[in-house]
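The structure appears below as C-alpha coordinates.
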Number of protein chains: 2
Amino acid sequence: MKTSSVELIILDLLSQEQAHLTAQEIYQQLRSRLPAVNPSTVYRALERMAHAGKISVSDMGRGAMVYEAVGGERHHHLVCQECGAVMTIEDQPVNELFRYLEKQYHFEMITNHLILFGRCQNCQSPVQVLKAETSKE
Amino acid sequence: MKTSSVELIILDLLSQEQAHLTAQEIYQQLRSRLPAVNPSTVYRALERMAHAGKISVSDMGRGAMVYEAVGGERHHHLVCQECGAVMTIEDQPVNELFRYLEKQYHFEMITNHLILFGRCQNCQSPVQVLKAETSKE
DNA sequence: ATTATAAACGCAAATATTTGAAAATGCAAG
DNA sequence: CTTGCATTTTCAAATATTTGCGTTTATAAT
Ligand SMILES: [Zn+2]
Ligand SMILES: [Zn+2]
Ligand SMILES: [Zn+2]
Ligand SMILES: [Zn+2]
(Lines give C-alpha, C1' and ligand atoms only; values in the text may rest on other atoms or scores of the structure.)
(Ligands and ions follow the chains in the order given, each with its own letter.)
Protein backbone atom coordinates (compact mmCIF):
# COMPACT_ATOMS: atom_id res chain seq x y z
CA MET A 1 0.00 0.00 0.00
CA LYS A 2 1.09 3.48 -0.80
CA THR A 3 0.99 6.15 1.92
CA SER A 4 -0.87 9.02 0.37
CA SER A 5 -0.04 12.46 1.69
CA VAL A 6 -3.64 13.57 1.30
CA GLU A 7 -4.82 10.60 3.31
CA LEU A 8 -2.43 11.45 6.10
CA ILE A 9 -3.67 15.02 6.35
CA ILE A 10 -7.29 13.91 6.23
CA LEU A 11 -6.66 11.51 9.06
CA ASP A 12 -5.01 14.29 10.99
CA LEU A 13 -7.99 16.61 10.43
CA LEU A 14 -10.39 13.90 11.51
CA SER A 15 -8.34 13.23 14.62
CA GLN A 16 -9.33 16.56 16.11
CA GLU A 17 -11.73 15.58 18.88
CA GLN A 18 -15.31 14.82 17.94
CA ALA A 19 -14.68 15.64 14.30
CA HIS A 20 -17.61 14.80 12.05
CA LEU A 21 -16.73 16.65 8.86
CA THR A 22 -18.36 16.82 5.44
CA ALA A 23 -16.36 16.36 2.25
CA GLN A 24 -16.57 20.09 1.65
CA GLU A 25 -15.29 20.95 5.11
CA ILE A 26 -12.43 18.52 4.65
CA TYR A 27 -11.62 19.95 1.24
CA GLN A 28 -11.60 23.53 2.56
CA GLN A 29 -9.40 22.74 5.53
CA LEU A 30 -7.09 20.69 3.36
CA ARG A 31 -6.56 23.67 1.08
CA SER A 32 -4.96 25.65 3.88
CA ARG A 33 -2.25 23.00 4.02
CA LEU A 34 -2.15 21.92 0.37
CA PRO A 35 -3.37 25.00 -1.49
CA ALA A 36 -3.43 23.35 -4.91
CA VAL A 37 -5.17 20.12 -4.02
CA ASN A 38 -7.88 19.09 -6.43
CA PRO A 39 -11.41 18.37 -5.21
CA SER A 40 -11.55 15.04 -6.97
CA THR A 41 -8.44 13.97 -5.12
CA VAL A 42 -10.25 14.57 -1.86
CA TYR A 43 -13.42 12.79 -2.94
CA ARG A 44 -11.43 9.81 -4.15
CA ALA A 45 -9.28 9.68 -1.03
CA LEU A 46 -12.37 9.70 1.17
CA GLU A 47 -13.93 6.94 -0.87
CA ARG A 48 -10.77 4.86 -0.62
CA MET A 49 -10.39 5.40 3.11
CA ALA A 50 -14.02 4.57 3.79
CA HIS A 51 -13.72 1.36 1.81
CA ALA A 52 -10.57 0.46 3.72
CA GLY A 53 -12.37 1.00 7.01
CA LYS A 54 -10.13 3.85 8.11
CA ILE A 55 -13.03 6.28 8.36
CA SER A 56 -16.78 5.97 8.80
CA VAL A 57 -19.37 7.71 6.65
CA SER A 58 -22.67 8.81 8.14
CA ASP A 59 -25.69 10.92 7.38
CA MET A 60 -26.12 13.16 10.41
CA GLY A 61 -28.75 15.35 8.83
CA ARG A 62 -26.29 18.01 7.74
CA GLY A 63 -27.23 17.78 4.08
CA ALA A 64 -24.09 15.83 3.19
CA MET A 65 -22.36 12.78 4.55
CA VAL A 66 -19.94 13.33 7.43
CA TYR A 67 -16.68 11.46 7.88
CA GLU A 68 -15.11 10.42 11.15
CA ALA A 69 -11.85 8.66 11.96
CA VAL A 70 -12.36 5.09 13.10
CA GLY A 71 -10.41 4.04 16.12
CA GLY A 72 -11.54 5.76 19.31
CA GLU A 73 -14.32 4.47 21.55
CA ARG A 74 -17.01 2.90 19.44
CA HIS A 75 -20.09 5.08 19.79
CA HIS A 76 -23.33 6.12 18.14
CA HIS A 77 -25.50 9.21 18.04
CA LEU A 78 -29.04 10.43 18.51
CA VAL A 79 -29.69 13.47 16.34
CA CYS A 80 -32.62 15.84 16.92
CA GLN A 81 -34.35 16.67 13.67
CA GLU A 82 -35.78 19.89 15.10
CA CYS A 83 -32.77 21.62 16.62
CA GLY A 84 -29.91 19.51 15.31
CA ALA A 85 -28.68 18.58 18.79
CA VAL A 86 -26.34 15.58 18.75
CA MET A 87 -26.21 13.17 21.66
CA THR A 88 -23.56 10.49 21.91
CA ILE A 89 -24.60 7.09 23.20
CA GLU A 90 -22.47 4.19 24.31
CA ASP A 91 -22.09 1.09 22.21
CA GLN A 92 -23.48 -1.60 24.45
CA PRO A 93 -27.22 -1.69 23.70
CA VAL A 94 -26.57 -1.18 20.00
CA ASN A 95 -23.95 -3.87 20.03
CA GLU A 96 -26.38 -6.34 21.54
CA LEU A 97 -28.79 -5.82 18.68
CA PHE A 98 -25.99 -6.18 16.17
CA ARG A 99 -24.77 -9.47 17.65
CA TYR A 100 -28.33 -10.77 17.63
CA LEU A 101 -28.84 -9.83 13.99
CA GLU A 102 -25.51 -11.37 13.02
CA LYS A 103 -26.54 -14.74 14.39
CA GLN A 104 -30.07 -14.53 13.16
CA TYR A 105 -29.19 -13.59 9.59
CA HIS A 106 -25.67 -15.01 9.16
CA PHE A 107 -24.58 -11.47 8.50
CA GLU A 108 -21.27 -9.91 9.49
CA MET A 109 -21.93 -6.35 10.63
CA ILE A 110 -19.66 -3.58 9.39
CA THR A 111 -21.69 -0.53 10.44
CA ASN A 112 -19.90 0.87 13.46
CA HIS A 113 -21.29 4.37 13.84
CA LEU A 114 -25.05 4.37 13.98
CA ILE A 115 -27.08 7.55 13.62
CA LEU A 116 -30.69 7.65 14.77
CA PHE A 117 -33.01 10.58 14.20
CA GLY A 118 -35.77 11.85 16.44
CA ARG A 119 -36.70 14.70 18.74
CA CYS A 120 -34.74 15.64 21.84
CA GLN A 121 -36.56 16.36 25.07
CA ASN A 122 -36.45 20.12 24.52
CA CYS A 123 -38.13 19.80 21.16
CA GLN A 124 -40.91 17.46 22.23
CA SER A 125 -44.31 19.02 22.85
CA PRO A 126 -45.07 19.66 26.54
CA VAL A 127 -47.84 17.04 26.62
CA GLN A 128 -45.53 14.40 25.19
CA VAL A 129 -42.89 15.13 27.77
CA LEU A 130 -45.51 15.06 30.51
CA LYS A 131 -46.80 11.72 29.33
CA ALA A 132 -43.30 10.26 29.31
CA GLU A 133 -42.60 11.64 32.78
CA THR A 134 -45.70 10.13 34.38
CA SER A 135 -45.40 6.75 32.67
CA LYS A 136 -41.94 6.44 34.16
CA GLU A 137 -43.28 6.25 37.73
CA MET B 1 -51.73 22.44 2.35
CA LYS B 2 -51.80 22.35 -1.38
CA THR B 3 -52.10 18.98 -3.10
CA SER B 4 -49.18 18.95 -5.48
CA SER B 5 -49.55 16.87 -8.61
CA VAL B 6 -45.86 16.02 -8.51
CA GLU B 7 -46.22 14.72 -4.97
CA LEU B 8 -49.10 12.50 -6.00
CA ILE B 9 -47.16 10.95 -8.83
CA ILE B 10 -44.10 10.44 -6.64
CA LEU B 11 -46.22 8.66 -4.07
CA ASP B 12 -47.62 6.51 -6.83
CA LEU B 13 -44.15 5.62 -8.10
CA LEU B 14 -43.00 4.77 -4.59
CA SER B 15 -46.04 2.61 -4.04
CA GLN B 16 -44.78 0.05 -6.52
CA GLU B 17 -43.76 -2.84 -4.32
CA GLN B 18 -40.40 -2.67 -2.59
CA ALA B 19 -39.57 0.62 -4.27
CA HIS B 20 -36.38 2.19 -2.96
CA LEU B 21 -35.68 4.86 -5.57
CA THR B 22 -33.03 7.55 -5.86
CA ALA B 23 -33.93 11.15 -6.69
CA GLN B 24 -32.60 10.59 -10.20
CA GLU B 25 -34.67 7.47 -10.73
CA ILE B 26 -37.75 9.29 -9.52
CA TYR B 27 -37.00 12.26 -11.75
CA GLN B 28 -36.54 10.05 -14.82
CA GLN B 29 -39.72 8.07 -14.25
CA LEU B 30 -41.62 11.23 -13.52
CA ARG B 31 -40.61 12.65 -16.90
CA SER B 32 -42.46 9.92 -18.71
CA ARG B 33 -45.65 11.21 -17.11
CA LEU B 34 -44.85 14.92 -16.84
CA PRO B 35 -42.34 15.47 -19.65
CA ALA B 36 -41.62 19.09 -18.75
CA VAL B 37 -41.12 18.69 -15.03
CA ASN B 38 -38.10 20.54 -13.67
CA PRO B 39 -35.48 18.71 -11.60
CA SER B 40 -35.61 21.28 -8.83
CA THR B 41 -39.31 20.66 -8.47
CA VAL B 42 -38.60 17.02 -7.83
CA TYR B 43 -35.81 17.68 -5.35
CA ARG B 44 -37.97 20.15 -3.48
CA ALA B 45 -40.98 17.87 -3.45
CA LEU B 46 -38.90 15.03 -2.03
CA GLU B 47 -37.52 17.29 0.66
CA ARG B 48 -41.02 18.43 1.57
CA MET B 49 -42.45 14.93 1.67
CA ALA B 50 -39.59 13.63 3.78
CA HIS B 51 -40.03 16.44 6.26
CA ALA B 52 -43.75 15.71 6.41
CA GLY B 53 -43.04 12.05 7.14
CA LYS B 54 -44.71 10.81 3.96
CA ILE B 55 -41.53 9.17 2.73
CA SER B 56 -38.33 7.89 4.32
CA VAL B 57 -34.82 8.75 3.16
CA SER B 58 -32.03 6.22 3.50
CA ASP B 59 -28.51 5.56 2.39
CA MET B 60 -28.52 2.03 1.03
CA GLY B 61 -25.06 2.22 -0.46
CA ARG B 62 -26.28 3.10 -3.92
CA GLY B 63 -24.28 6.32 -4.10
CA ALA B 64 -27.35 8.48 -3.48
CA MET B 65 -30.14 8.51 -0.97
CA VAL B 66 -33.14 6.30 -1.72
CA TYR B 67 -36.72 7.23 -0.97
CA GLU B 68 -39.48 4.90 0.12
CA ALA B 69 -43.17 5.46 0.83
CA VAL B 70 -43.98 5.28 4.51
CA GLY B 71 -47.03 3.24 5.42
CA GLY B 72 -46.58 -0.46 4.80
CA GLU B 73 -45.11 -2.88 7.30
CA ARG B 74 -42.37 -1.19 9.26
CA HIS B 75 -39.13 -2.90 8.32
CA HIS B 76 -35.38 -2.48 8.10
CA HIS B 77 -32.57 -3.79 5.92
CA LEU B 78 -29.20 -5.45 6.02
CA VAL B 79 -27.12 -4.45 3.00
CA CYS B 80 -24.04 -6.37 1.86
CA GLN B 81 -21.20 -4.04 1.05
CA GLU B 82 -19.55 -6.61 -1.21
CA CYS B 83 -22.34 -7.72 -3.50
CA GLY B 84 -25.06 -5.21 -2.70
CA ALA B 85 -27.54 -7.85 -1.59
CA VAL B 86 -30.42 -6.41 0.40
CA MET B 87 -32.12 -8.41 3.15
CA THR B 88 -35.28 -7.23 4.82
CA ILE B 89 -35.61 -7.76 8.54
CA GLU B 90 -38.65 -7.44 10.75
CA ASP B 91 -39.10 -4.56 13.11
CA GLN B 92 -39.25 -6.26 16.47
CA PRO B 93 -35.62 -6.49 17.63
CA VAL B 94 -34.88 -3.04 16.27
CA ASN B 95 -37.97 -1.65 17.91
CA GLU B 96 -36.88 -3.02 21.27
CA LEU B 97 -33.61 -1.13 21.05
CA PHE B 98 -35.45 2.04 20.02
CA ARG B 99 -37.87 1.86 22.95
CA TYR B 100 -34.95 1.33 25.30
CA LEU B 101 -33.07 4.32 23.93
CA GLU B 102 -36.17 6.50 24.09
CA LYS B 103 -36.54 5.88 27.81
CA GLN B 104 -32.88 6.07 28.53
CA TYR B 105 -32.27 9.34 26.71
CA HIS B 106 -35.70 11.03 26.81
CA PHE B 107 -35.59 10.94 23.04
CA GLU B 108 -38.52 10.45 20.70
CA MET B 109 -37.39 8.24 17.84
CA ILE B 110 -38.35 9.22 14.28
CA THR B 111 -36.06 6.89 12.32
CA ASN B 112 -38.32 4.17 10.99
CA HIS B 113 -36.27 2.51 8.25
CA LEU B 114 -32.90 1.42 9.51
CA ILE B 115 -30.13 0.36 7.15
CA LEU B 116 -27.18 -1.65 8.44
CA PHE B 117 -24.14 -2.52 6.36
CA GLY B 118 -22.04 -5.63 6.50
CA ARG B 119 -21.21 -8.79 4.59
CA CYS B 120 -23.76 -11.41 3.66
CA GLN B 121 -22.98 -15.08 4.17
CA ASN B 122 -21.93 -15.57 0.56
CA CYS B 123 -19.39 -12.80 0.77
CA GLN B 124 -17.79 -13.83 4.04
CA SER B 125 -14.49 -15.67 3.76
CA PRO B 126 -14.79 -19.46 4.12
CA VAL B 127 -12.91 -19.49 7.43
CA GLN B 128 -15.21 -16.87 8.90
CA VAL B 129 -18.27 -18.82 7.90
CA LEU B 130 -16.75 -21.99 9.30
CA LYS B 131 -16.00 -20.26 12.57
CA ALA B 132 -19.55 -18.98 12.84
CA GLU B 133 -20.94 -22.43 12.04
CA THR B 134 -18.97 -24.21 14.73
CA SER B 135 -19.50 -21.60 17.44
CA LYS B 136 -23.20 -22.07 16.93
CA GLU B 137 -23.16 -25.64 18.24
C1' DA C 1 -67.01 35.00 -9.88
C1' DT C 2 -63.14 37.89 -7.91
C1' DT C 3 -59.48 38.48 -5.06
C1' DA C 4 -55.91 37.59 -1.71
C1' DT C 5 -52.55 34.50 0.01
C1' DA C 6 -49.54 30.89 0.54
C1' DA C 7 -47.64 26.96 -1.70
C1' DA C 8 -45.67 24.90 -5.70
C1' DC C 9 -43.24 25.45 -10.01
C1' DG C 10 -39.92 26.75 -13.64
C1' DC C 11 -35.75 28.81 -14.98
C1' DA C 12 -31.10 30.09 -14.78
C1' DA C 13 -27.03 30.36 -12.16
C1' DA C 14 -24.18 28.59 -8.53
C1' DT C 15 -22.31 24.52 -6.19
C1' DA C 16 -21.12 20.06 -5.40
C1' DT C 17 -19.86 15.55 -6.93
C1' DT C 18 -18.48 12.03 -10.31
C1' DT C 19 -16.02 10.26 -14.14
C1' DG C 20 -12.46 9.21 -17.80
C1' DA C 21 -8.02 9.64 -19.20
C1' DA C 22 -3.34 11.36 -18.90
C1' DA C 23 0.56 12.64 -15.91
C1' DA C 24 3.06 12.21 -11.66
C1' DT C 25 4.70 9.65 -7.86
C1' DG C 26 6.21 5.96 -4.56
C1' DC C 27 7.99 1.42 -4.14
C1' DA C 28 10.44 -2.49 -5.09
C1' DA C 29 12.96 -5.63 -8.16
C1' DG C 30 16.83 -6.02 -11.02
C1' DC D 1 20.66 3.83 -9.97
C1' DT D 2 17.14 2.42 -13.47
C1' DT D 3 13.02 0.17 -14.80
C1' DG D 4 8.36 -1.46 -14.28
C1' DC D 5 4.13 -1.36 -12.08
C1' DA D 6 0.50 0.03 -9.30
C1' DT D 7 -1.46 3.87 -6.89
C1' DT D 8 -2.40 8.57 -6.52
C1' DT D 9 -3.13 13.08 -8.42
C1' DT D 10 -4.60 16.40 -11.72
C1' DC D 11 -7.44 18.32 -15.26
C1' DA D 12 -11.41 18.93 -17.91
C1' DA D 13 -15.91 17.61 -18.81
C1' DA D 14 -20.16 15.50 -17.46
C1' DT D 15 -23.71 15.01 -13.88
C1' DA D 16 -26.17 15.91 -10.00
C1' DT D 17 -27.98 18.97 -6.57
C1' DT D 18 -29.05 23.47 -4.51
C1' DT D 19 -30.46 28.20 -4.49
C1' DG D 20 -32.64 32.80 -5.56
C1' DC D 21 -36.27 34.76 -7.63
C1' DG D 22 -40.11 35.71 -10.61
C1' DT D 23 -44.44 33.30 -12.21
C1' DT D 24 -48.17 30.21 -11.85
C1' DT D 25 -51.68 27.80 -9.40
C1' DA D 26 -54.72 25.88 -5.69
C1' DT D 27 -57.54 27.21 -1.87
C1' DA D 28 -60.44 29.79 0.68
C1' DA D 29 -62.60 34.16 1.81
C1' DT D 30 -65.24 37.97 -0.05
ZN1 LIG E 1 -19.46 9.98 16.09
ZN1 LIG F 1 -34.04 19.30 19.70
ZN1 LIG G 1 -37.22 -0.65 2.87
ZN1 LIG H 1 -22.77 -10.26 -0.35
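Proteins come first, then strands; the chains are lettered A, B, ... in the order of their sequence lines, and each starts at number 1.
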Reported [atom1]-to-[atom2] distance for the pair [X] and [Y], which is rounded to 0.5 angstrom:
{"X": "B:Q81", "Y": "B:C120", "atom1": "CD", "atom2": "SG", "value": "11.5 Å"}
{"X": "A:Q104", "Y": "B:I89", "atom1": "CD", "atom2": "CD1", "value": "10.0 Å"}
{"X": "B:L97", "Y": "B:E102", "atom1": "CG", "atom2": "CD", "value": "10.0 Å"}
{"X": "B:L116", "Y": "A:L101", "atom1": "CG", "atom2": "CG", "value": "6.5 Å"}

Atom pairs under 3.5 Å: protein N/O with N/O of nucleotides 22-25 of chain D:
{"unit_1": "D:dT25", "atom_1": "O2", "unit_2": "B:K2", "atom_2": "NZ", "d": "2.6"}

Any side-chain N or O of B:R48 under 4.0 Å from OP1/OP2 of C:dA8?
->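 So the side chain of B:R48 is within the cut-off, an N or O lying under 4.0 Å from OP1 or OP2 of C:dA8.
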Hey, does the side chain of A:T41 come within less than 4.0 Å of D:dT8's phosphate (OP1/OP2), counting only N and O?
->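 For A:T41, the contact criterion (side-chain N or O under 4.0 Å from OP1 or OP2 of D:dT8) is not met.
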Rounded interatomic separation in angstrom, taking [atom1] from [X] and [atom2] from [N]:
{"X": "A:E7", "N": "D:dT7", "atom1": "CD", "atom2": "C1'", "result": "10 Å"}
{"X": "A:E47", "N": "C:dT17", "atom1": "CD", "atom2": "C1'", "result": "11 Å"}
{"X": "B:R31", "N": "C:dG10", "atom1": "CZ", "atom2": "C1'", "result": "14 Å"}
{"X": "A:M65", "N": "C:dT18", "atom1": "CE", "atom2": "C1'", "result": "15 Å"}
{"X": "A:L30", "N": "D:dT9", "atom1": "CG", "atom2": "C1'", "result": "12 Å"}
{"X": "A:E25", "N": "C:dT17", "atom1": "CD", "atom2": "P", "result": "11 Å"}
{"X": "B:H51", "N": "C:dA8", "atom1": "NE2", "atom2": "P", "result": "13 Å"}
{"X": "B:Y27", "N": "D:dT18", "atom1": "OH", "atom2": "P", "result": "14 Å"}

Shortest non-hydrogen separation from B:M60 to B:V79 and the atoms involved |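 Closest approach of B:M60 to B:V79, heavy atoms only: O-CG1, 3.8 Å.
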If you pin B:G63 and A:V6 to their nearest nucleotides in DNA chain D, which one's is more 5'?
->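 Nearest nucleotide further toward 5': that of A:V6.
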Answer yes when B:R99 and B:E96 have at least one side-chain N-carboxylate O distance shorter than 4.0 Å, and no when they do not.
->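 Not counted as a salt bridge, because no side-chain N and carboxylate O are separated by less than 4.0 Å.
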Please write out each protein N/O paired with an N/O of nucleotides 11-16 of chain D under 3.5 Å, distance rounded to 0.1 Å.
{"unit_1": "D:dC11", "atom_1": "N4", "unit_2": "A:S40", "atom_2": "OG", "d": "3.1"}

Any donor-acceptor pair under 3.5 Å from A:Q124 side chain to A:R119 backbone |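 Yes: the side chain of A:Q124 pairs with the backbone of A:R119.
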Please collect all ring pair (Phe, Tyr, Trp, His ring centres under 6.0 Å) contacts where either partner lies in residues 49-96 of chain A, sequence neighbours excluded, each pair once.
->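 Every ring pair (Phe, Tyr, Trp, His ring centres under 6.0 Å) pair that includes a residue of residues 49-96 of chain A, provided the two are not neighbours, is A:H20-A:H77, A:H75-A:H77, A:H75-A:H113, A:H77-A:H113.
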Does the pair A:V86 and A:I115 meet the rule for a side chain to side chain contact (heavy atoms under 4.5 Å, CB included), with working shown?
-> CA-CA 10 Å; A:V86 175; A:I115 310 297; over 6 Å; no
